[in-house]
Amino acid sequence: MILKDKILKTVRDVVDFPQKGVIFKDITPVLADIKLYNEIIEDLAGHFKDKNITKVAGLESRGFIFGISLAQKLNVPFVPIRKKGKLPYKKISTDYQLEYGTASIEIHTDAVNENDNVLLADDLLATGGTMNAAVQLIKKLKGNVAGCAFVIELKFLNGKEKLKDVDYYSIADI
């Protein structure tokens, strides 16, 4: 079975979460399958291995799960991009639209510099709002966004439209 099919077979749909009308794609069954998880990390790292990545930044919270493993596989540091109010040091932030509300994310001001070639990681591309905000944070710190890595893309939400100038890759799409 190809990796895309394995992922889609394993991800669980949770209806009406976090609010009525939303079908949440739950990746916890993927995390319970270490062989599948390792295949995902291999595939994502393989796609970006020739991009001279200097750091991997993961978006809270599921982006941490995949981002840390990607950073380890690519042998580069990991940078957390967190929800507003969670980082203890000097930081910058940006606001963005979710598919079901608004939010804000932050990054430490010393996490990325002009010499960095950053791979952004998250579990899922939906409307693209969160990842676009992360791209803007990296650019504010003068870093280069080498690409965006996702396990799943919800194509019907057209998140790629917000990532027009960025190399993005998703293994599976719905």
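Remark: the Asn52 side chain and the Asn117 side chain contain no N/O donor-acceptor pair separated by less than 3.5 Å. Using modelled atom types, one finds a donor on one side chain and an acceptor on the other under 3.5 Å when comparing Glu153 with Tyr168.
With sequence neighbours excluded, the residues satisfying side chain to side chain contact (heavy atoms under 4.5 Å, CB included) with Lys84 are Ser93, Ser104, Glu106. With sequence neighbours excluded, the residues forming a side chain to side chain contact (heavy atoms under 4.5 Å, CB included) with Ala121 are Val56, Leu70, listed by chain and number. Not counting sequence neighbours, the partners of Asp110 by the side chain to side chain contact (heavy atoms under 4.5 Å, CB included) test are Tyr89, His108. The salt bridge (Lys or Arg N to Asp or Glu O under 4.0 Å) search around Lys73 returns Glu42, not counting sequence neighbours. Under the rule for a side chain to side chain contact (heavy atoms under 4.5 Å, CB included), the partners of Lys140 that lie at least two apart in sequence or sit in another chain are Ile92, Thr94.
Residues Ile152 and Ile2 are members of separate hydrophobic clusters, defined by side-chain heavy-atom contacts under 4.5 angstrom among Ile, Leu, Val, Met, Phe, Trp and Tyr. The hydrophobic clustering, which links ILVMFWY residues whose side-chain heavy atoms are closer than 4.5 Å, places Ile34 and Leu3 together.
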Checklist entry - Does the side chain to side chain contact (heavy atoms under 4.5 Å, CB included) test come out yes or no for Val151 and Val11, once each step is laid out? => result CA-CA 10 Å; Val151 179; Val11 168; over 6 Å; no
Next on the checklist: If you apply the rule side chain to side chain contact (heavy atoms under 4.5 Å, CB included), what do you find for Asn115 with Thr54, and how did you get there?
Outcome noted: CA-CA 8 Å; Asn115 297 317; Thr54 61; over 6 Å; no
Checklist entry - Under the side chain to side chain contact (heavy atoms under 4.5 Å, CB included) criterion, do Thr102 and Asp95 qualify, and how do the steps go? => result CA-CA 7 Å; Thr102 60; Asp95 297 327; over 6 Å; no
Item to check | Step-by-step side chain to side chain contact (heavy atoms under 4.5 Å, CB included) determination, Thr10 to Leu36 | outcome: CA-CA 9 Å; Thr10 306; Leu36 176 57; 3.5 Å; yes
Next on the checklist: Test salt bridge (Lys or Arg N to Asp or Glu O under 4.0 Å) on Lys4 and Asp173; report intermediate values, then the result.
Outcome noted: CA-CA 8 Å; Lys4 170 186 175 175; Asp173 57 65; 3.5 Å; yes
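At distances below 3.5 Å, not a single donor-acceptor pair connects side-chain atoms of Asn38 with backbone N or O atoms of Lys35.
Residues Thr127 and Asn158 fail the side-chain proximity criterion, which asks for heavy atoms closer than 4.5 Å. Leu163 has its side chain within reach of Val135: a pair of non-hydrogen atoms, C-beta onward, lies under 4.5 Å apart. Under the 4.5 Å side-chain criterion, counting only non-hydrogen atoms from C-beta, Phe150 is in contact with Met131. Between Ile174 and Leu8, some side-chain heavy-atom pair lies under the 4.5 Å cut-off. In this structure, the side chains of Arg82 and Phe64 come closer than 4.5 Å at one or more pairs of heavy atoms. Using a 4.5 Å heavy-atom threshold, the side chains of His47 and Asp167 count as touching.
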Which pairs would a plain distance check flag for residues 23-30, meaning a side-chain donor or acceptor within less than 3.5 Å of a matching protein atom at least two apart in sequence or in another chain?
unit_1 : atom_1 : unit_2 : atom_2 : d
Lys25  : NZ     : Asp13  : OD1    : 2.5
Lys25  : NZ     : Asp13  : OD2    : 3.2
Asp26  : OD1    : Thr28  : N      : 3.0
Asp26  : OD1    : Thr28  : OG1    : 2.8
Asp26  : OD2    : Arg12  : NE     : 2.9
Asp26  : OD2    : Arg12  : NH2    : 2.9
Asp26  : OD2    : Thr28  : OG1    : 3.0
Thr28  : OG1    : Arg12  : NH2    : 3.0

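Contact detail for Phe78 and Ala71: the closest heavy-atom pair is CB-CB, 4.0 Å. In terms of heavy atoms, Ala111 sits closest to Val79 at CB-CG1, 3.6 Å. Taking both residues in full, the closest heavy atoms of Ala134 and Ile81 are given as CB-CD1, 3.9 Å, listed atom of the first, atom of the second, then distance. Across all their heavy atoms, Phe48 and Ala146 have their closest contact at CE2-O, 4.4 Å. A pairwise comparison of heavy atoms in Ser69 and Ile41 identifies CB-CD1, 3.6 Å as the closest pair.
Residue Val118 is tested with Ile53, Val76, Val112 for a side chain to side chain contact (heavy atoms under 4.5 Å, CB included); the sole match is Val112.
Note that the CG atom of Leu87 and the CD atom of Glu60 stand 8.0 Å from one another [nearest 0.5 Å]. In this structure, CG in Leu119 is found 11.0 Å from CG in Asn144, a value given to the nearest 0.5 Å. Interatomic distance, NZ of Lys162 versus CG of Leu157, reported as 9.5 Å (0.5 Å rounding). Note that CD of Glu161 and CG of Asn132 are 11.5 Å apart. Values are rounded to the nearest 0.5 Å. Rounding to the nearest 0.5 Å places NZ of Lys55 at 9.0 Å from CD1 of Ile138. Considering CG of Leu44 and SG of Cys148, their distance stands at 12.0 Å, rounded to 0.5 Å.
Annotation for Lys160: atom NZ does not count as buried by contact number, only 12 or fewer foreign heavy atoms lying within 6.0 Å. Annotation: Asp165, atom CG; neighbour count of heavy atoms from other residues, nucleotides and ligands within 6.0 Å does not exceed 12.
In this structure, the ring of Tyr37 has its center less than 6.0 angstrom from the ring center of Phe66.
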